[in-house]
> 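Please find one structure pasted underneath; my questions will follow.
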Amino acid sequence: MGLKKFCLKKSLWLFHFAGASCNNCDIEILDVLTPRYDVERFGMQLIGSPRHADIILVSGSINQRDKPRLLEVYNQASKPVFVVAFGACGCTGGIFAEGNTFAGPLDQIVPVSAYIPGCPPKPEAILAGITKLVKNI
Amino acid sequence: MGEQIFYFFIYPGLLFAGVVGGLLTWFDRKMTAKVQFRKGPPLLQPFYDFLKLLLVKETILPARGSKITFLLAPLFSLIGGTLAAVFILLPLMNINIGFQGDLLVIFYLLTIPSLFYVIGALASGNPLAFVGASREIKLIISYELTFLLIFAAIILKSGMTINLQEIIAIQAGGNAFIGSLSGVLLFIAALFCVQAKLGLVPFDIAEAETELSEGSFIEYSGTAYALIKFTKYIMLFILPALLVGFFLAGFNWVGLGILWSILKLLLVVLLITLIRNTNPRLKIKQAMRFFLVGMNLLVIIAIILAYFGL
């Protein structure tokens, strides 16, 4: 494993993109930052600008209004960047998959590197998903 | 010539200041984690972050902005920070070369990094970066006067010498400046000035993550952002080191003195970390009032006390 890959694995910065989310997933993401789970142990931190992002965490279903915004954020992020589909809505569209405004599951819009299912996913599931992503980089 | 290049690039300049600054950044993050009952990042985390930005990530240039200024600004801020590191650390590490650089040189060099953050932000063409830059300018205006007054007070207390090495020598033998009443007041004011210079909470108004999403640095990515990070590491080392030189009798690199020196440095960084973890972000108006009214008054009282030898 080269130095580049090692450093990338050790320092993944998260950018949180909330689509049409019901906020339950967003609250679970905050759980991962709390003392009990503390995702900063792995060198991850939430950052504000997509330019600094290594992981784009997409929660909520993507509707027709979110789609151009998601593409914009994805194109603005400096590569390499990994997209993680978060929660049932992020992975498949969930209960909104049949809806009028639904703009297709996430993996048909941008390439997705990991899926974390659940409604909402437990913090343990989030950690498991993220460590799997780190292993596969 | 070779010696000067060594001083600038390796010890005590770029490399040494950067590495120690990175370790202090880890200390700062670890202590933040301890305050919040978390475990915190591993020891080498700041270096992973730096290397990732430098080697792996793509550097994106702004489409509508001045590309050359945008790329040169981080480089110049790094050069300014490194020069300041050389002039602060040479006396503190007890290395004697011809021109030591006096306090005024140090003052101007310490201004350069924040100035070039502003220039880089204005060159990026991003409206949020403009807001961040304008806030940074207001912050610079408010704290620089206080910082200059602190320098003046230190010069007065040390009997009109502007050489950092002599200031440290005067404090040797148990009469550090923090031992006097005016010294305590000056130390408090200087601590807040350093906090603002480092752009940490409560003075992280220019790069407010929640409202401006990193503000001045919003457009930076890859190598350019790595240089900014490195400048920040260096600043986190040299500004507390300057405080140690001003108030806590500098460093001593003989025997047990080494341990004591490191403890002094860590103590100042710990104070900065604790302030940053126990305060909310101020508005720019509040920060300006805090420095222009509160801190200036405190420093002027300290100067009057110092004049009467207290």
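Chain A is the first sequence line, chain B the second, and so forth, proteins listed ahead of strands; every chain is numbered from 1.
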> Quick check for you: to the nearest 0.5 Å, what is the distance between Arg38(B) atom CZ and Thr34(A) atom OG1?
9.5 Å

> Asp38(A) and Lys39(B): which non-hydrogen atoms are nearest, and at how many Å?
OD2-N, 2.9 Å

> Determine the interplanar angle of the His52(A) and Tyr225(B) rings, folded into 0 to 90°, and report it as parallel if under 30°, tilted if 30 to 60°, perpendicular if over 60°.
parallel

> Could you check which of Pro41(B), Ser221(B), Ala33(B) has the highest count of heavy-atom pairs closer than 4.5 Å to chain A?
Pro41(B)

> For the residue pair Arg41(A) and Pro42(B), what are the closest heavy atoms and their distance?
O-CD, 3.3 Å

> Between Gly48(A), Pro50(A), Ala53(A), which has the largest tally of heavy atom pairs under 4.5 Å with chain B?
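Max contact count across the listed options: Gly48(A).
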
> Evaluate the side-chain proximity of Val56(B) to Pro80(A): yes if any heavy-atom separation is below 4.5 Å, no if none is.
yes

> Output the distance between atom SG (Cys7(A)) and atom CG (Asp49(B)), rounded to the nearest 0.5 Å.
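Those atoms lie 9.0 Å apart.
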
> Looking at every non-hydrogen atom in both residues, tell me the closest pair between Phe37(B) and Pro35(A) and how far apart they are.
O-CB, 3.1 Å

> Write down the atom of Ala77(A), the atom of Glu58(B), and the distance for their closest heavy-atom approach.
O-OE1, 4.3 Å

> Within a reach of under 6.0 Å around CZ of Phe76(B), are more than 12 heavy atoms found that belong to other residues, nucleotides or ligands?
no

> Identify whether NZ of Lys or CZ of Arg in Lys57(B) sits under 6.0 Å from the centre of the six-membered ring of Trp13(A) and within 45° of that ring's axis.
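No, Lys57(B) does not lie over the aromatic ring of Trp13(A).
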
> Tell me, side chain or backbone of Gln36(B) under 4.5 Å from chain A's heavy atoms, or both, or neither?
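When you check distances to chain A, only backbone atoms of Gln36(B) fall under 4.5 Å.
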
> Check whether the side chains of Gln45(A) and Arg29(B) place a donor and an acceptor atom closer than 3.5 Å, and report yes or no.
yes

> For chain A, which of Ile60(B), Leu44(B), Leu54(B), Leu51(B) has the most heavy-atom pairs under 4.5 Å?
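Maximum pair count with chain A is reached by Ile60(B).
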
> NZ of Lys79(A): more than 12 outside heavy atoms within 6.0 angstrom?
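Yes, the 6.0 Å shell around NZ holds more than 12 heavy atoms from other groups.
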
> Does any heavy atom of chain A fall under 4.5 Å from the side chain of Lys229(B), the backbone, both, or neither of them?
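Answer is side chain: those atoms of Lys229(B) sit under 4.5 Å from chain A.
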
> Charged N to carboxylate O below 4.0 Å: is that the case for Lys52(B) and Asp54(A)?
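Salt bridge: yes.
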
> Of the options Ile218(B), Asn126(B), Leu128(B), which is the one that meets Ser49(A) in a side-chain contact (heavy atoms from CB on, under 4.5 Å)?
Ile218(B)

> Which region of Ile47(A), side chain (C-beta onward) or backbone (N, CA, C, O), has a non-hydrogen atom less than 4.5 Å from a non-hydrogen atom of chain B, or is it both or neither?
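Contact with chain B is through both the backbone and side chain of Ile47(A).
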
> Picking from Lys10(A), Arg36(A), Arg51(A), Lys4(A), which has the most non-hydrogen pairs under 4.5 angstrom with chain B?
Arg51(A)

